[in-house]
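Contents: one structure, followed by commentary.
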Amino acid sequence: MIHPTLRVGFVPGVEPDRFLQRWKQGRRAARLELVPVPQSRQDEVIADGEVDMCFARDPLASDRPARETLHAVPLWEEQPVVVISTDHVLTVLDEVTAADLGGETEIPAQHADDAADRVAVAATGVGYARMPLSLARLHHRKDLAHRPLRGAEPTRIVLVWPRDHDDELRQAFVGVVRGRTPRSSR
């Protein structure tokens, strides 16, 4: 007997292992395959059918695929932080404000997948990089520190999939992500 496979993508910083464990504990017949997805391709992999669902970082691209064609379940917010070298003066603070950053050099994002590059530059001490806490943790190094950025807008992780491909398998995974057990109802 061939069991279906649900391919679930996830962008950097998302740790989907707990959902995989819950899926397996539910003894579901379908196999769950986790697929790492660069943030720059999060919309594309859904539109092209490379994955069935994806943990994506909002905002999604507005043009591809059209937002109206997707189910998007908001899951959690990611705290914004600044990443700095461990010898930077801002490390004496527990959290940083926009005023604290006045006069400091920001290492701006050049594209959606450059967090590791910006972290490496921040480690040299030439400035700071803004990013979600999950990415700062993913790229953490001994010569880096991160501090919460108070007052900054958080990013949100959403679970997305095409509206025209909604089925019991995808809804079962949504249930797992939301903490429902196989015996609980919606």
Exercise for review: Of all the heavy-atom pairs spanning E77 and P154, show the shortest one and how long it is.
Suggested key: OE1-CG, 3.5 Å
Review point. Do the rings of H146 and H140 sit parallel, tilted or perpendicular, given the 30° and 60° boundaries?
Key: perpendicular
Review point. Will you find, in the side chains of W161 and D166, an N or O donor that is under 3.5 Å from an N or O acceptor?
Key: yes
**Study point:** N-O pairing of R150 and E95 below 4.0 Å
**Key:** yes
Review point. Do the non-hydrogen side-chain atoms of V73 and V158 ever get within less than 4.5 Å of each other?
Key: no
Review point. According to the interplanar angle, ranging from 0 to 90°, do the rings of F173 and F19 count as parallel (below 30°), tilted (30 to 60°) or perpendicular (above 60°)?
Key: perpendicular
Practice item. Take E106 and R130, measure what salt bridge (charged side-chain N to carboxylate O under 4.0 Å, His left out) needs, and give me the verdict at the end. Key: CA-CA 8 Å; E106 181 171 4; R130 295 178 200 232; 3.2 Å; yes
Check your understanding: Taking the side chain as C-beta and beyond, is there a heavy-atom pair between V126 and T105 under 4.5 Å?
Key -> no
Practice item. State, yes or no, whether a side-chain contact exists between M131 and T155 at a heavy-atom distance under 4.5 Å. Key: no
Review point. Among side-chain atoms of S134 and E78, is any donor-acceptor pair under 3.5 angstrom?
Key: yes
Check your understanding: What are the two closest heavy atoms between R57 and P12, and how far apart are they?
Key -> NH2-O, 2.8 Å
Point to revise | Distance under 6.0 Å and angle within 45° of ring axis: R28 vs W23 | key: yes
Point to revise | Heavy atoms of other groups near E33 CD, more than 12 under 6.0 Å | key: yes
Check your understanding: Does T69 reach the side chain of R163, with side-chain heavy atoms less than 4.5 Å apart?
Key -> no
Check your understanding: Would you say M53 and V160 make side-chain contact, with heavy atoms under 4.5 Å?
Key -> no
Point to revise | Contact check, side chains of Q42 and Q39, non-hydrogen atoms, under 4.5 Å | key: yes
Check your understanding: Within a reach of under 6.0 Å around CG of D164, are more than 12 heavy atoms found that belong to other residues, nucleotides or ligands?
Key -> yes
Review point. Can you tell me if CZ on R141 sees more than 12 non-hydrogen neighbours from other groups inside 6.0 Å?
Key: yes
Point to revise | Identified side-chain contact (heavy atoms from CB on, under 4.5 Å) partner of F10 from the options L34, V37, I157 | key: L34
Point to revise | Minimal non-hydrogen separation, L149 against T97, with atom names | key: CD1-C, 4.1 Å
Point to revise | Salt bridge flag under 4.0 Å for residues R147 and D94 | key: no
Point to revise | I107 side chain reached by V83 side chain, heavy atoms, under 4.5 Å | key: no
Exercise for review: Search all heavy atoms of P4 against all heavy atoms of L169 and return the closest pair with its distance.
Suggested key: CB-CD2, 4.3 Å
Practice item. Assess the side chains of D113 and S40: does a donor N or O sit below 3.5 Å from an acceptor N or O? Key: yes
